[in-house]
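Written out below as structure tokens is the structure these notes cover.
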There are 2 protein chains.
Amino acid sequence: MYAKHTADPDQATTPHPCESWPDDGRSFRETLDRIGDKWSVLVIGILSGGPLRFCALHRRVPGVSQRMLTLTLRHLERDGVVSRAVYAEVPPRVEYQLTPLGESLRAIVHALAQWVTDHHGEIESARDRYDAG
Amino acid sequence: MYAKHTADPDQATTPHPCESWPDDGRSFRETLDRIGDKWSVLVIGILSGGPLRFCALHRRVPGVSQRMLTLTLRHLERDGVVSRAVYAEVPPRVEYQLTPLGESLRAIVHALAQWVTDHHGEIESARDRYDAG
DNA sequence: CGGGATCCGTCGCGATACTG
DNA sequence: CAGTATCGCGACGGATCCCG
């Protein structure tokens, strides 16, 4: 809206992609919506321990429904983050595991898990303080 | 709702032998729902560049409505990630900035931003491949 | 066992209008 | 400038049934 007042692109004032997102955050959003949706991070974190079958995965994400787990896995598979291996056996077996692309997310997901673990108490007390005041 | 047929509160007695998660994901979810919601990461990333007023923030997250920006900021404030400073002036001025807790998220948010930037192309081609096959 | 299809409630989220 | 209030739609997500 207001970016017409000068011919000079304002990229000179953006040293880090974080403070002023490239593409104004739109291309970020597309990807972020996958990584940041309700279950993706949990699934990626769990799969970082090794390949798992659907049921085992389901057991380890307590709140998720089969539908959402299926959808999450489909999205992650579409984005090339997890791979799906079907073994034509009886009973049928399907194993999911991280692709190299997914592996490259491990550090971030683990850092996030660590952060949440470390600061969960702080956040809870912050909420109490906010709700009290 | 359904836990009437047994005296055992199953939600607290599931010692998941989780290989990769520090907990079973419940407390993780509570916090993750805030950090991982649609706009929080973008807002935190932008605020990592320094304090900003509401309008400036709004301008830097083009897709967000004022309503969602307000709600996001309220949630982040409640969780102690963002602080809100009101200056009783005319015109009114409100500045948002990261708290120390929020600062501790900078590295993760930045890493996430970097990852998205680095792998956005991979993900797009993965999607094309998936949609084609 | 894995998961697609369907029904359906909830609410996230945007658009709009109004206040201080 | 910095919000709050209200409305409404569409996506999200759970429950259920059913098939390979």
Side-chain angles (χ1 to χ4, degrees), chain A residues 1-2 24-26 28-30 32-43 46-47 51-78 82-97 130, chain B residues 1-5 10-11 25-26 29-30 32-43 46-47 51-79 82-97 130-131 133:
Chain A
M1 312 299 200
Y2 294 130
D24 284 334
R26 259 172 284 125
F28 264 50
R29 284 240 53 85
E30 297 174 15
L32 214 53
D33 282 342
R34 293 283 168 268
I35 310 303
D37 77 358
K38 193 169 183 178
W39 305 108
S40 291
V41 172
L42 290 175
V43 168
I46 290 173
L47 283 182
L52 282 178
R53 310 172 59 158
F54 185 89
C55 240
L57 210 42
H58 193 202
R59 276 189 60 243
R60 299 197 184 200
V61 190
V64 77
S65 62
Q66 304 109 330
R67 182 180 128 93
M68 288 321 295
L69 183 55
T70 299
L71 287 179
T72 299
L73 288 168
R74 286 290 174 278
H75 287 150
L76 292 176
E77 188 193 357
R78 188 171 105 102
V82 307
S83 64
R84 180 173 178 268
V86 184
Y87 301 90
E89 303 171 356
V90 178
R93 192 182 59 174
V94 179
E95 280 193 349
Y96 295 90
Q97 67 175 326
Y130 185 91
Chain B
M1 288 51 173
Y2 294 124
K4 296 290 292 304
H5 58 304
D10 52 6
Q11 62 180 7
R26 267 180 296 110
R29 278 240 57 81
E30 296 175 16
L32 207 57
D33 282 342
R34 293 285 169 267
I35 311 303
D37 77 357
K38 193 167 183 178
W39 304 107
S40 291
V41 171
L42 290 175
V43 168
I46 289 171
L47 282 182
L52 282 179
R53 311 171 59 154
F54 185 90
C55 236
L57 210 43
H58 194 199
R59 251 180 277 119
R60 295 207 184 190
V61 193
V64 76
S65 63
Q66 61 183 43
R67 178 183 131 93
M68 287 319 297
L69 182 56
T70 299
L71 286 179
T72 299
L73 287 168
R74 286 289 175 279
H75 288 151
L76 292 176
E77 187 192 358
R78 188 171 105 101
D79 287 355
V82 162
S83 66
R84 179 173 179 267
V86 183
Y87 301 91
E89 303 172 352
V90 177
R93 192 181 60 173
V94 179
E95 280 193 350
Y96 294 91
Q97 67 176 326
Y130 185 91
D131 293 340

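Just so it is clear: chains get the letters A, B, ... in the order the sequence lines come, proteins before strands, and each one is counted from 1.
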Find every protein N or O atom lying less than 3.5 Å from an N or O atom of nucleotides 6-12 of chain D, and list the pairs.
none

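- Taking each heavy atom of A:V41 and A:I35 in turn, the nearest pair found is CG2-O, 3.1 Å.
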For nucleotides 17-19 of chain D, which of its nitrogen or oxygen atoms have a protein nitrogen or oxygen under 3.5 Å away, and what is each distance?
none

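- Axis deviation across the helix from C:dC1-D:dG20 to C:dG20-D:dC1 amounts to 50°, comparing end segments of five pairs, rounded to 10 degrees.
- As rounded to whole Å, 15 Å separates atom P of C:dG12 from atom CG of A:D37.
- Atom CH2 of B:W39 sits about 10.0 Å away from atom CD1 of B:I46, to the nearest 0.5 Å.
- For B:R84, the listed nucleotide lying nearest its side chain is D:dA2; candidates were D:dG14, D:dA2, C:dG3.
- Every residue two or more places apart in sequence or in another chain was checked for a side chain to side chain contact (heavy atoms under 4.5 Å, CB included) with A:P92, and none qualifies.
- A heavy atom lying under 4.0 Å from DNA chain D marks the following residues of residues 89-96 of chain A, by number: A:P92.
- Side-chain contact between A:Q97 and A:L47 is absent, with no heavy-atom pair separated by less than 4.5 Å.
- Residue whose closest nucleotide on DNA chain C sits further toward the 5' end, between A:F54 and B:S65: A:F54.
- Of the inter-residue distances, the one linking B:R74 atom CZ with B:L69 atom CG reads 9.5 Å to the nearest 0.5 angstrom.
- The nearest whole Å value for the distance from the CG atom in A:L57 to the C1' atom in C:dC1 is 14 Å.
- In this structure A:R67 satisfies the salt bridge (Lys or Arg N to Asp or Glu O under 4.0 Å) test with no other residue, sequence neighbours excluded.
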Exercise. Can A:F54 and A:L57 be said to form a side-chain contact (heavy atoms from CB on, under 4.5 Å), step by step?
Worked result: CA-CA 5 Å; A:F54 185 89; A:L57 210 42; 5.7 Å; no
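- Every side-chain hydrogen bond (donor to acceptor under 3.5 Å, both in side chains) that A:R84 has, sequence neighbours left out, goes to A:Y96.
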Exercise. Between B:R53 and B:Y87, does a side-chain contact (heavy atoms from CB on, under 4.5 Å) hold up when you go through it step by step?
Worked result: CA-CA 11 Å; B:R53 311 171 59 154; B:Y87 301 91; over 6 Å; no
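- For the side-chain hydrogen bond (donor to acceptor under 3.5 Å, both in side chains) test, residues two or more places apart in sequence or in another chain that qualify with A:S40 are A:D37.
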Exercise. Can B:R60 and B:L52 be said to form a side-chain contact (heavy atoms from CB on, under 4.5 Å), step by step?
Worked result: CA-CA 10 Å; B:R60 295 207 184 190; B:L52 282 179; 4.3 Å; yes
Scan nucleotides 8-11 of chain C against the protein and return all N/O pairs shorter than 3.5 Å with their distances rounded to 0.1 Å.
none

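- If you check residues 69-78 of chain B against DNA chain C, you find no residue with a heavy atom closer than 4.0 Å.
- In plain terms, the two heavy atoms of B:L73 and B:V43 that are nearest each other are CD2-CG1, 4.0 Å.
- At whole-Å resolution of the value, CH2 in A:W39 and P in D:dG13 are 8 Å apart.
- From B:L32, atom CG reaches atom CG of A:L42 across 6.0 Å, with rounding to the nearest 0.5 Å.
- Evaluation of the side-chain hydrogen bond (donor to acceptor under 3.5 Å, both in side chains) rule for B:R78 yields A:D131 as partners, not counting sequence neighbours.
- What you find for A:S65 and A:H58 is that their closest heavy atoms are C-NE2, 4.0 Å.
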